[in-house]
Every structure is written in structure tokens, then in C-alpha cells.
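Proteins get letters first, then strands, A, B, ... in listed order; numbering begins at 1 in each.
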Amino acid sequence: MSETPYRSPQEIIDLYKTEFGAGILDARITERGEGVHRKKGYNIWIRLDRELLKPAIKKLMDIRFPHFAVIAGNDLGDEIELLYILSVFYGTQFGEYMVTFGLRLPKSDLTVPTITDLIPGALLSEREKQEFFGITVTGIPDGRRLFLPDDFPQGVYPWRKDETGIKPEMVRELWAVNRPKDRPAPPVPEKKPVPGDPVAEGKEKKTGGASE
Amino acid sequence: MDLLSPVQTGYGVWAPLAWLIAFVVVTIVVYLIWNMGESSYKKGTDQVRPYLSGNAEPEKGAVHIRASNLYWGYLQALKGYYDTMVPMHTGILTDYIVWFVAVTALLLVIVGGLS
Amino acid sequence: MKLTKSFNRSLWVFHLNTGSCNGCEIEIVATITPRYDPERFGMKLVGSPKHADVLLVTGPVTKKMAQKVRRVYEQVPDPKLVMCIGTCGQSGGVFYDSYNLDGPIDQVLPVDVYVPGCPPRPEAIIFGVVKALEKLERLEAAQ
Amino acid sequence: MTLADFIVTNAPALLVAIPLFAAFTSPAVGKISTAARNLWVMGAMLLTAAVAFILAFRVFSTGTVIYVFGAAATTLAVPLDSGGIPIRIIFTVDAMSAFMEIICAIVGTSVLLYSLSSESKNTSLEGYYALFLLMITGVFGMVSTGDFFNFFVFLEILSLASAGLIAYRIDGGLAVEAALKYFVLSTLGAILVLFAIGIYYGQYNALNIAMIAQRMQFTMLDKIALVLLIAALAMKCGAVPMHFWTPDAYSMAPSSVTAFLVVASQASLYGLFRILFTFYNVTLNCVTVGWIIIILGILSMVVGVTMAIPQKDVKRLIAYCAISQTGYMLLGVGVGLAVLGNAALSNAFGFVAMEGGIFHIFNDAVFKGLLFLTAGAIFYRIGTCDLNKMGGLGHNMKYTMIFFIIGALATAGIPPFNGFASKLMIYESVYLFNPILAIIAMVVSILTLAVFVKVFHSIFMGPQLPEYADVKEAPLPMLIGMGILAAIVILFGLFPQLVVNGLVAPAAHALTNQGGYISSVLGGA
């Protein structure tokens with residue numbers, strides 16, 4: 001691998017701004033201390049459209065061949081957000097940083113181009129998104145189901161929070177399976193729920209996944 | 001009775017019957033050990049089928065390894081040798097005759113010339 | 001279950017993960033480290049169910065794993081024991097309301113000993129084994 | 001003169017006459033019915049084998065047997081008015097020839113019995129059996145003749161008959177191409193032999209081997225003649241630089257013919273040894289010639305087996321393995337020749353090497369024949385020789401599998417079988433001569449075993465494949481044919497000393513004893 005020079009996160013963002021200009025909807029760097037000495041670790045968040053996804057990844061590959069981690073998915077109600085998480089290593093300790101390309105797909109048109117021709121390893125993640133979010137990845141070499149069993153009903157996308165998500169009757173309450181009904185009453189009566197105490201009022205509203 | 005006497009091979013001796021007796025003794029010992037094994041497994045069930053981390057055994061035809069992919073490692077190691085040897089066996093008659101005449105000429109030089 | 005003489009000498013253990021979050025696996029590995037060292041009593045982790053006496057099952061059985069778990073259970077030679085490690089196997093633990101599970105392990109296999117905990121500490125696992133040995137002795141006495 | 005006496009006295013002539021007569025009458029008998037022809041051919045072969053055994057017994061008990069054609073008395077080698085030149089054709093059958101005759105008789109009978117049923121499904125069998133019996137005549141003639149031109153005649157008969165048989169099953173022109181290669185090369189070789197005969201006849205105006213040997217003065221011409229003979233006969237028996245025809249010919253011929261082709265090439269090997277030891281013996285610098293034979297042997301061994309490993313066709317693979325086994329014989333006898341001059345070394349190990357080499361000729365003829373017959377049985381049942389298409393035949397062809405195991409283990413030289421006895425003699429004596437050669441020989445044996453593990457796995461082991469589920473065992477005559485050879489492999493493996501003392505030692509002595517040969521012919525013994 002040719003020894004490309006170290007590029008600081010800010011340089012990366014300037015490079016992308018100059019290259020794609022308006023295509024970059026939003027770019028920012030988050031910083032947090034790592035390790036005992038709170039060494040600065042950077043994350044670069046870039047939001048762009050689906051057309052710019054491939055050129056952006058190709059550009060990052062030219063800068064320094066990234067390590068593709070995963071495609072994170074998020075159901076934002078009327079849109080589905082895909083986060084392509086890649087990390088760039090320079091071989092020095094604490095020298096790596098994460099680059100995340102965020103896309104927002106409207107629920108009406110859930111298609112995204114595949115990046116397996118650039119990074120073959122992304123196939124599994126793409127198949128998972130296809131399976132769990134109902135996204136159609138155009139040009140995916142192997143679009144079979146990966147995690148869900150074969151007899152799982154079509155058209156049901158488990159990670160979606162809308163009507164195509166998991167129906168309550170599909171859920172199998174394991175703790176209720178042949179739980180003995182005729183148990184004697186517990187010696188200590190259960191505490192009455194105190195109004196205003198969130199935990200006591202039962203489950204919280206379902207929180208989202210890795211929210212932005 | 002030279003029927004049983006061993007063969008003198010200039011250096012050592014080869015007595016097949018002694019070897020046979022040893023072979024029979026060893027097979028008896030092996031059989032005894034083998035016999036002590038546990039045989040209470042249930043014949044028809046999965047206990048007989050191989051453990052492929054839980055997956056079912058693939059159907060018979062696909063499991064047999066065909067001849068051409070045996071010893072590929074050995075052939076890979078001697079690739080230099082085989083790349084020269086295999087093309088030499090061209091199968092063309094004229095090449096065979098060339099080889100034949102060449103060897104005759106070589107022998108003529110060796111036997112005729114030197115001694 | 002007819003008990004053979006070799007059973008009370010040492011129990012060889014085979015670990016089977018049916019979709020657990022790997023917490024119980026780490027605890028099982030911690031159990032067989034020199035600190036707790038069950039090898040003194042002959043408890044050894046073996047690579048194939050065909051050499052095993054005890055089947056250590058972790059995780060709630062996912063739909064895709066159910067058939068494989070039955071096949072592995074059948075491949076363990078008799079006499080055999082099944083130990084369910086962790087609450088996932090018993091009541092689904094953190095996966096209690098999942099759509100993709102085939103229920104606790106006793107829906108799939110006849111379980112002998114349950115070791116609750118998420119994950120159970122190595123002492124709990126060893127205590128479970130002791131419970132298993134007691135059960136074997138009861139069986140042997142009854143035989 | 002009762003019939004028995006008649007047979008015993010004229011044994012050498014009958015040895016060639018009976019198969020020749022049967023060869024040309026079998027098509028006529030074939031007109032009556034195939035069963036009649038089968039009986040006729042088998043009867044002729046059994047009779048020839050009986051005559052061969054009688055002759056061999058006579059030779060091993062009373063020494064070299066002379067048979068003069070057309071003379072008043074069968075042993076009158078030198079007619080009174082010819083001034084000391086044996087002008088008639090004389091068959092001198094010494095211990096070495098008798099040894100080769102036994103090989104030819106045994107393998108010939110079992111292969112012919114085998115081909116009665118293996119070729120039953122094919123057409124135009126008259127030509128097949130005629131040519132087959134001609135081949136047998138050729139080998140018997142080459143092996144027992146004492147006249148050098150007669151040796152050339154029988155060599156031609158053998159080459160023509162086997163070329164015809166190789167092309168017997170056209171197989172899309174491939175067999176014909178293989179036969180053409182064999183034929184052209186054999187004729188070329190025969191021309192060189194004829195040229196050498198011309199040299200001898202020009203110098204010593206005698207064609208009888210003993211006569212030429214007696215008058216030999218080792219002029220430059222004689223060296224040229226020697227080289228021509230070595231090259232021609234080494235090519236005929238498949239020594240490496242000239243071995244290219246062997247895999248084509250062996251794989252395209254019907255397997256019963258291939259099993260006998262092995263014996264045919266060993267007959268030319270016998271011819272090579274006869275020339276080296278009876279014509280030139282110690283007088284020429286036998287070290288250089290000995291080393292030539294050793295190098296031919298080593299090359300044959302190494303190239304034969306290394307080329308056998310990547311083969312896809314089972315008969316081609318066994319053919320390459322046959323070349324590597326010929327290498328063992330050349331090595332054994334080459335070492336014997338190289339130390340022939342030095343009596344001390346010769347007695348120490350040279351003689352044992354010779355015995356090992358000659359014993360290996362017998363063993364190879366038997367277990368190589370067995371392997372080709374098993375390959376033929378498989379081809380007879382599933383119609384293909386391609387290893388990649390086979391698998392799981394052990395389930396339904398049990399006996400063939402057992403015979404294959406015996407043949408393969410014998411070829412690789414595994415103890416209880418006869419291959420081991422002869423190879424051990426070669427290893428240990430050649431080690432004393434030059435350790436590197438012995439080490440190469442042992443490594444080649446290991447590779448031979450590796451080759452047969454591959455073949456055994458891909459043909460017999462593995463699950464029963466659906467397309468071969470209904471394959472039946474080979475028919476009975478084929479099994480009997482293979483059974484005879486397998487029994488011999490086991491018997492000679494268990495009692496090698498009996499064979500070495502009884503057959504091999506006298507043969508080796510007769511071969512090296514040039515004086516005895518000459519005196520037996522010219523001395524009018």
C-alpha cells in the first residue's frame with residue numbers, strides 16, 4: 001500500500017467540501033477524550049444524497065483504504081436513515097478516526113446503490129438492511145435472506161417501527177411459556193405503583209436505535 | 001526345507017513367514033483392544049451420522065472427493081518440475097522418433113567414443 | 001438412562017450456543033480457567049458432541065437453531081446430561097419478547113439442570129455441575 | 001516314440017508351433033460357434049503352457065536344452081560338413097529363457113481366460129484371438145530362440161500383432177493413433193536391430209548367438225552394434241527417454257491386451273539382457289554400459305512415477321507405473337552388470353542385485369497384469385476409465401477391489417506380497433553399490449504407493465454413487481483370470497526363497513555364464 005500522508009479530520013472535510021460542494025448536506029467533527037489520558041479521538045459525520053455515496057467512498061479509498069465497519073439503520077418515522085460507518089487507520093496509536101456517511105431515504109423510495117463492487121465485505125451488512133428494513137439495494141450480487149428464518153412472513157420488516165414492523169401477536173413471550181398458573185400468592189404483597197415514578201408505571205416508550 | 005528359509009539379500013534377511021506371524025499377532029491384539037470399545041450407541045439415529053456443527057449431512061454424490069483434486073498440494077509444490085515434464089509428452093509421433101534417435105546418438109558417443 | 005462406570009469418574013462437557021449474547025460463553029470459559037480448574041475433577045471441554053457426556057446449552061433457542069440443537073442432542077452418546085446455562089435458556093432473559101425464538105430450551109431438549117443468572121458466575125456453574133452429579137448418584141442408586 | 005516322449009523332446013518347437021497353429025485355425029473354428037472357438041483357443045493356450053512348464057522343468061533339472069530345426073538329431077548343433085558353423089536355426093533354452101517362458105505361460109493363460117469374457121460383448125473376435133495367439137508365439141519365440149536373426153523375426157511378429165491389437169477397438173481413432181505410434185517406433189527399433197544383425201553377420205558370418213559370442217573381437221563396429229541394440233530394445237521395453245509410446249499404447253489397447261503387452265515389453269528386456277551378458281559379458285567395459293543401464297533405470301523410475309501422479313485416466317496411470325517398475329529391473333540388472341568384472345564385489349552384492357532385477361521381472365509381469373485386468377473389469381462394468389467419474393465402486397465390485405488392493409500393495413512393495421521380496425533384494429544390494437540409487441529407489445516406491453492410494457480412493461472408496469448403484473461384480477472368467485495372478489502374487493510373496501533358489505538364481509547364473517552358453521551350443525553337448 002503506498003504510504004499516503006496523514007490527513008487530519010478537518011482536512012478530510014475540506015477535501016470533501018471542495019470535491020462535492022453542495023452535495024455535502026452537513027459535515028461536522030465530534031471530539032471525545034479516549035483512554036486514561038483523555039487522548040483526543042475524532043468522528044467525522046458527513047450527510048449526503050444516495051447518488052454521492054459511491055463517489056464519496058471511492059474518494060475515501062483514494063485517500064486511505066478505509067476499514068468498512070457496518071451500515072447502521074434507523075427508522076425516523078417517514079424516512080429511514082442509513083449510516084455507512086468506516087474507519088481510517090494510519091498505523092499509529094490513536095491515529096485512527098471514524099468516517100460516517102449518513103443518507104436519508106424517504107419511505108416511498110427505499111433504494112440505495114450497492115458498494116460491494118468497491119468493498120466486497122459490505123455484502124452481509126447490505127443483505128441485513130435489505131432483510132430488516134425492506135430497502136432494495138440495487139446491484140447487490142447476492143440478495144438472499146441472511147438472518148431471518150426462511151418461513152418468516154414476507155413484507156414484515158422487523159426493525160421498522162411503522163405498520164410493517166413486528167405485530168404484537170408475532171412476539172413469543174418466553175417467560176409466559178407453560179408458566180404454572182396455580183402458584184400460591186407471594187407472602188409479601190407487591191408494592192402499589194407510586195404515581196409519577198416512571199419505572200413503576202411499566203415500560204417506557206420504545207427508544208430508537210443509535211439516534212443521531 | 002528351503003521352503004521356509006529366509007531370503008539372503010546381500011545385506012539383510014527377509015523371512016516372510018516371521019513377518020506374517022508378527023502381523024497375525026498384531027492384528028489379534030488390535031482386535032482385542034477394538035473389542036473393548038463401547039458399542040451401546042443407537043444404530044439408526046444421528047449418533048451414527050457425522051457431526052457437522054449441527055447441519056445435516058449433504059447427499060451422497062456430493063461428498064465424494066474426485067481424483068483430480070487429490071495431491072493438488074504436491075503438484076503445486078513440484079509445479080516447476082511438472083511444467084517442464086508434462087509438455088514434453090507431446091503425443092506427436094515425430095517427437096518420439098526425435099527422442100529415440102537422439103538417445104541412440106548419445107549412446108553412440110558414450111560407448112563408442114570414450115572407451 | 002443406564003449409567004456406565006466411566007460416568008462417575010469424569011464428565012466431558014460440550015458447549016452449544018443457541019443464539020446467546022456470548023456473556024455465558026465467557027463465564028463458561030472463565031469456569032474452566034486454572035482459577036476454578038474443574039479439570040481436577042475431570043471436567044473437560046471437548047470439541048465434538050460425540051465425545052461429550054454433558055451438553056452445556058446457552059442462549060434462547062432461535063428458530064433457525066432449533067433443528068440443529070435437536071440433531072446435536074441426538075449425536076451425544078448415551079448416557080448424557082443437559083445443563084442450561086443462563087436465564088436466556090429458561091425464560092428468554094433479555095430476549096423475552098422476541099419474534100424469532102423457539103422458546104426456552106426445555107421446549108426443545110429434556111433439560112436436567114438449570115443454572116440461572118445473566119451471566120451466571122463460574123461458582124454458580126460449578127454448583128450446577130455438583131447438582132448434576134447429585135442427580136446422577138440418585139439415578140445410580142435408583143438403578 | 002510315445003506321444004509324451006514326442007512332446008518332451010520337441011518341446012521348444014511345440015512352444016511356438018501350437019500357438020501359431022491355433023492362431024491361424026481359430027478364425028476357421030470360429031465359424032462353427034463362438035463357444036467352440038473359445039474352447040479351441042483356451043485349449044491351445046493351456047497346451048502351450050503345459051509344454052512351457054515341461055520344458056522349464058527339463059531345463060532346470062538338466063541344464064540348457066538345445067533344439068535344432070531340421071537336423072537329423074535334435075541336438076546336432078554343428079552339421080559335420082559345415083566346418084564348425086551352426087547353419088540351422090537353433091533354439092537354446094537356458095535357465096533365463098525358461099524363466100521368461102514361465103512368466104509368459106502364466107500371464108498368457110490367465111489373460112486369455114480373462115479376455116474370453118471381457119471381449120465377449122465386442123465384435124470381430126476372430127482377428128482378436130488370432131492376433132493374441134500370434135503375440136504369444138512372438139514372446140515364446142523371442143525368449144527361447146538361439147538364433148539372432150530368428151530373434152528379429154519373432155520381434156517383428158510380436159510388434160505387428162500387438163500393434164494390430166492396440167488398434168483393435170477403434171475408439172474414435174484414438175486407438176488407431178496409439179497403434180500407429182507403437183508400430184512406427186517398433187519398426188524403427190526393429191530396423192536398428194536388423195542393422196546390428198547385419199554388422200554381426202558381416203564380421204563373423206554367423207547368425208547363431210553362441211557363435212557370434214565365441215568369435216566376438218570387440219571392434220568399433222561391435223560397439224556401434226551394441227549401442228543400436230541397447231537403444232532399440234530399451235525403447236521397446238519403455239525406458240524413459242524413449243518411453244513416450246507406452247502410456248498411449250497401454251491406455252488405448254483393450255485391458256487384456258495391455259496386461260500381455262507388459263510381458264511383451266519384458267521379452268525385449270530379456271533380449272537386451274541376453275545381448276549384454278551373452279555377447280559382451282565382461283569383455284567390454286561393462287562399467288560404462290552398466291552405468292548406462294542404471295541411468296536408464298533411474299530415469300524410468302523417477303519420471304514414470306512422477307508422471308503417474310497427475311494422471312486422470314486409470315490405464316494411463318498404471319502404464320506410467322509400469323514404466324517406473326521397468327526402471328527397477330534395469331537398475332537391478334544394471335548394477336549386476338556394472339560389477340560383473342570385479343568378482344569380489346559381484347559375489348558380495350552384484351549377484352543379488354541381478355537376482356533382484358530378474359525376480360522383479362516376474363513379479364512385475366504378474367502384479368502389473370493384475371492391475372490392468374482390474375482396470376479392465378471396471379471399464380467392462382462402467383464403461384469409462386476416467387478417474388473423475390468413478391467413486392464408491394467398492395460397494396458392488398468387492399472381488400475386483402480385493403484384487404486391486406493385492407496388485408497395488410504388491411506394486412508398491414508392501415511386505416507380504418512378492419513385490420517386496422524383489423524390491424528388498426534390489427534396495428539392499430544397490431545400497432552397497434551406491435547408496436543414492438537405493439534411496440531414490442525407495443522414494444519411488446513410496447510415491448508408487450501414493451499413486452495407488454489416490455487411485456484406490458477415487459475408484460473404490462466414498463459413498464455409493466447413484467449412477468453406479470446397479471453395477472454388478474465382474475463375470476466369473478474375469479475373476480478367475482485375476483484370481484490366478486493374485487494367488488501367484490501372494491504365494492511368491494510368502495515363499496520368495498523357494499522361487500529365488502529354484503528359478504531366479506539358476507536364471508541369473510545362466511545369464512552371466514557366457515562360456516556355459518557357448519559350450520552348450522557349439523560343444524554339441
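- Options C/Gln90, C/Gln107, C/Lys63 differ in how many heavy-atom pairs under 4.5 Å they form with chain A, and the most are formed by C/Gln107.
- Ring geometry for A/Trp159 versus A/Phe133: interplanar angle over 60°, hence perpendicular rather than tilted (30 to 60°).
- Each of A/Ile12, A/Thr30, A/Thr100 was compared with A/Ile44 under the side chain to side chain contact (heavy atoms under 4.5 Å, CB included) criterion, and only A/Ile12 meets it.
- Interface residues of residues 165-176 of chain A toward chain C, defined by a heavy-atom distance below 4.5 Å and sorted by number: A/Ile166, A/Met170, A/Val171, A/Arg172, A/Glu173, A/Leu174, A/Trp175.
- A/Glu131 places a side-chain N or O within donor-acceptor distance of the main-chain N or O of A/Leu148, the cut-off being under 3.5 Å.
- Heavy-atom pairs under 4.5 Å with chain A were tallied for C/Gly93, C/Ser91, C/Cys88; the largest tally goes to C/Ser91.
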query: Can you list the steps and then say if A/Asp162 with A/Lys107 is a salt bridge (Lys or Arg N to Asp or Glu O under 4.0 Å)?
result: CA-CA 10 Å; A/Asp162 51 21; A/Lys107 283 224 168 133; 2.7 Å; yes
task: Take A/Arg145 and A/Asp150, measure what salt bridge (Lys or Arg N to Asp or Glu O under 4.0 Å) needs, and give me the verdict at the end.
output: CA-CA 8 Å; A/Arg145 267 190 170 158; A/Asp150 302 339; over 6 Å; no
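- Neither the backbone nor the side chain of C/Asp106 comes within contact range of chain A, judged by heavy atoms closer than 4.5 Å.
- The residues A/Glu34 and A/Arg32 are annotated as salt-bridged, a charged nitrogen and a carboxylate oxygen being separated by less than 4.0 angstrom.
- Note: A/Tyr157 and A/Phe132 fail the aromatic proximity criterion, with ring centroids not under 6.0 Å apart.
- By the 6.0 Å and 45° rule, A/Lys40 does not stack over the aromatic ring of A/Phe94.
- Only the side chain of A/Phe152 comes within contact range of chain C, judged by heavy atoms closer than 4.5 Å.
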